[in-house]
J.: 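Supplied in structure tokens, the structure appears directly below.
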Amino acid sequence: MKIIDISWPISSDMTAYKDKKVVAIEHTKIFERDHARESVLRLGAHTGTHIDAPAHFLADGALLDQQPLANTVGPCTVIDMTHINDCVDAAALQACALNASDIVLFKTRNSALAATAPFDPNFVYVAADAAQYLVTCGVKAVGIDYLGIERNQPDHATHTVLLGNGIAVIEGLRLAHVQPGSYFLWCLPLAVQGVEAAPARAILISVRGE
Ligand SMILES: [Zn+2]
């Protein structure tokens, strides 16, 4: 079984959305002094690889702890969108074979950016008409290889269309080392209670028997 880690490495110098740095890793016990090592982490809920719950942008949306883990576990297709310069729109998706109940991950030129690079405001995002198209296809979850799935769209249309139709949103994936194709995804959020998002570890399992 081949495990491919597609999680964004968490560190105090990692890329932060709009460069709002909130990650702090404090080593409260060091071995030379305390004969043990302990650390305290301070993280935003949207740090690195994370899952957004409907409550992120919907007034009555469910919190992350009210969402089934099955939303982000299952058969998955990594789709090559590295030729896209600006946004993944419905026209770009119409050329792809999307399966209902599938989890769809977009590999874009975003994945070529270093994990500690300054925030790129021109990152490739998913347009609202693509979100609508994904609803029509009946996919289960959508993932993107940057810290947001949309830039500054009015009314957060991409998020609200996806989350409002029960499609999970995974942001902050790292896909440069992943061949497009079919996999099995495990993406499990930290079990934080009462929040709209949480960091997650995401791995792909190759289904081609490698
Ligand atoms: Zn988010």
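Computed from a prediction, not measured in an experiment: that's the story for all the values here. Atoms within a ligand are numbered from 1 in the order they appear, just like the ligands themselves.
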J.: Just wondering, is there an N, O or S atom on His46 that's nearer than 2.8 Å to the Zn ion (ligand 1)?
T.: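 Checking the Zn ion (ligand 1) against His46, an N, O or S atom does fall under 2.8 Å.
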J.: Regarding Glu150 and His159, do their side chains bring together a donor and an acceptor under 3.5 Å, going by distance alone?
T.: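 Yes - a donor-acceptor pair under 3.5 Å links their side chains.
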J.: Taking the side chain as everything from C-beta on, heavy atoms only, tell me whether Arg42 gets closer than 4.5 Å to Val22.
T.: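 Arg42 vs Val22: side chains touch.
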J.: Is Asp52 close to His50 at the side-chain level, that is, under 4.5 Å between some pair of heavy atoms?
T.: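 Yes. Closest side-chain heavy atoms under 4.5 Å.
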J.: Just give me the atom name: the N, O or S atom of Glu171 closest to the Zn ion (ligand 1).
T.: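 Restricting Glu171 to its N, O and S atoms, the minimum distance to the Zn ion (ligand 1) goes to OE1.
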J.: Kindly give the atom name of the N, O or S atom of Asp52 closest to the Zn ion (ligand 1).
T.: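 The nearest such atom is OD1.
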J.: Is a side-chain donor-acceptor pair under 3.5 Å present for Asn152 with Lys18?
T.: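 The answer is yes; a qualifying pair exists.
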